[in-house]
A.B. asks: 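The following block contains the structure, expressed as structure tokens.
Hydrogens, waters and symmetry mates play no part in the numbers below; they use all other heavy atoms, side chains included.
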Number of protein chains: 2
Amino acid sequence: MPVPPQPTRAELAILRVLWQLGPSTVRRVHESLRDTQDKDTGYTTVLKLLQNMTEKGLVQRDESERTHVYEAALSQKRTQRDLLRDLMDRAFGGSASSVVAQALSMKRASAEELAEIRKLLDEHERRGK
Amino acid sequence: MPVPPQPTRAELAILRVLWQLGPSTVRRVHESLRDTQDKDTGYTTVLKLLQNMTEKGLVQRDESERTHVYEAALSQKRTQRDLLRDLMDRAFGGSASSVVAQALSMKRASAEELAEIRKLLDEHERRGK
DNA sequence: AACTGTCAACGACGGACGTCGTAGATGCCC
DNA sequence: GGGCATCTACGACGTCCGTCGTTGACAGTT
């Protein structure tokens, strides 16, 4: 439990809901998932997932009330960093610039995105010196 | 089989070997994995993986000789793009700039890497206009 | 021809994952 | 208090993944 393992696909989908809505009940997560997701998962499936995630330390559970409330244990940024680091090591030989190169090659790297990226790069450089 | 599924962790490790060495026998892949990897996988494990990957269309097999020769079916860049796209959608809401932001926040984004990234950005912009 | 080594093929197995059904506890309403 | 809804807990199941042992074919050696 010191460092929770990386979330699986289904677990990550749940974490996204928790990051967006904040601490939520199983029901709220389930309904939000139903709205967003194309796939249709049952209530008990979401419950089971959240129980597993509690076990793994991915979420924290408040059981003071009869209806438990779940909250993401790690921030979205932290989780994104961990996941990207993992993929970077496994598929890009640990090269950040290769990752950026691939990100740029995607259609969704729109004009606004490019401007945003350039701003990030400037900030990063300024902070670095 | 038109579009092969995404490689799993173990499969990706094998693909990395094939990209580096070019078309190779099971033995060569196995030995290369033994050198690089900390983990120690058996010969038949690598064989089985490669057989599965042939089934999935991730690699192509030349059986003209008794000792088969395997080759990656998709380029490294293409695979990297698919994998990054998937993670981008699942964890970053499809935002390329978020991915770049996280990539920059990593220790390994060294000075040379930053210069490389800036060059990529310039090229991309020049090509875009 | 017998032995030895290498190779592909196949089957099995344990674990993780996502799925859900069912049971049991708790709360609410008439 | 009886009945209904809601919630958690538990167990099961099918699938995929990575792992490996075993078997049988083939080739080279003596």
A.B. asks: Given D/dC20, C/dA9, C/dC20, which nucleotide is nearest the side-chain atoms of A/Lys48?
C.D. replies: C/dC20
A.B. asks: Side-chain N or O of A/Thr45 less than 4.0 angstrom from OP1 or OP2 on C/dC20?
C.D. replies: yes
A.B. asks: So if I apply the side-chain contact (heavy atoms from CB on, under 4.5 Å) rule between A/Ser32 and each of A/Leu18, A/Val46, A/Leu21, which one comes out positive?
C.D. replies: A/Leu21
A.B. asks: Expressed in angstrom and rounded to an integer, what is the separation of B/Arg34 atom CZ from D/dT19 atom C1'?
C.D. replies: 14 Å
A.B. asks: Do any side-chain nitrogens or oxygens of A/Arg61 fall under 4.0 Å of OP1 or OP2 in D/dA9?
C.D. replies: yes
A.B. asks: For B/Ala103, is there any backbone N or O sitting under 3.5 Å from a side-chain donor or acceptor partner on B/Ser105?
C.D. replies: no
A.B. asks: Any salt bridge between B/Asp82 and B/Arg78, counting N to O under 4.0 Å?
C.D. replies: yes
A.B. asks: Just the rounded figure in Å: distance from C1' of C/dT6 to CZ of B/Arg28.
C.D. replies: 17 Å
A.B. asks: How long is the line joining CD of A/Gln6 and C1' of C/dA16, in whole Å?
C.D. replies: 15 Å
A.B. asks: With distance as the sole test, does A/His30 use its side chain to make a donor-acceptor pair with the main-chain N or O of A/Thr41 at under 3.5 Å?
C.D. replies: yes
A.B. asks: Find the distance A/Leu33:CG to C/dT19:P and express it as a whole number of Å.
C.D. replies: 9 Å
A.B. asks: Can you check whether B/Lys56 has a side-chain N or O nearer than 4.0 Å to OP1 or OP2 of D/dC17?
C.D. replies: yes
A.B. asks: Could you check how far NE2 of A/His68 sits from P of D/dT6, rounded to whole Å?
C.D. replies: 17 Å
A.B. asks: Using a cut-off of strictly less than 4.0 Å, decide whether A/Arg27 has a side-chain nitrogen or oxygen near OP1 or OP2 of D/dC7.
C.D. replies: yes
A.B. asks: Keeping the roles fixed (side chain from A/Glu113, backbone from B/Ala96), state whether a donor-acceptor pair exists under 3.5 Å.
C.D. replies: yes
A.B. asks: So, does B/Gln80 use its side chain to make a donor-acceptor pair with the main chain of A/Ala91 at under 3.5 Å?
C.D. replies: yes
A.B. asks: Using whole Å, report how far NE2 of B/His30 lies from P of D/dT19.
C.D. replies: 10 Å
A.B. asks: Could you write out each protein N or O paired with an N or O of nucleotides 23-26 of chain C at a distance under 3.5 Å?
C.D. replies:
unit_1, atom_1, unit_2, atom_2, d
C/dT26, O2, A/Arg66, NH2, 3.3

A.B. asks: Answer with base, sugar-phosphate or nothing: what part of the nucleic acid does A/Tyr43 contact at a heavy-atom distance below 4.0 Å?
C.D. replies: base
A.B. asks: Is there a side-chain contact between A/Gln51 and the phosphate of D/dA9, meaning an N or O under 4.0 Å from OP1 or OP2?
C.D. replies: yes
A.B. asks: Just how far, in rounded Å, is P of D/dT22 from CG of B/Leu47?
C.D. replies: 16 Å
A.B. asks: Does the side chain of A/Thr8 get closer than 4.0 angstrom to OP1 or OP2 of C/dG18 through an N or O atom?
C.D. replies: yes
A.B. asks: Give B/Thr41 one of three labels, base, sugar-phosphate or nothing, depending on what nucleic acid heavy atoms sit under 4.0 Å from its own.
C.D. replies: sugar-phosphate
A.B. asks: Choose from D/dA9, D/dC20, C/dT19 the nucleotide whose nearest atom is closest to any side-chain atom of A/Lys39.
C.D. replies: C/dT19
A.B. asks: Could you work out which one of D/dT8, C/dA8, C/dG18 sits closest to the side chain of A/Ala10?
C.D. replies: C/dG18
A.B. asks: How many whole angstroms separate atom CG of A/Leu49 from atom P of C/dT19?
C.D. replies: 7 Å
A.B. asks: Out of A/Arg28, A/Arg61, A/Gln60, which residue meets the side-chain contact (heavy atoms from CB on, under 4.5 Å) rule with A/Tyr70?
C.D. replies: A/Arg61
A.B. asks: Given D/dA9, D/dT8, D/dT22, which nucleotide is nearest the side-chain atoms of A/Thr67?
C.D. replies: D/dT8
A.B. asks: Could you pull out the closest heavy-atom pair between A/Leu58 and A/Leu15, with the gap in Å?
C.D. replies: O-CD2, 4.0 Å
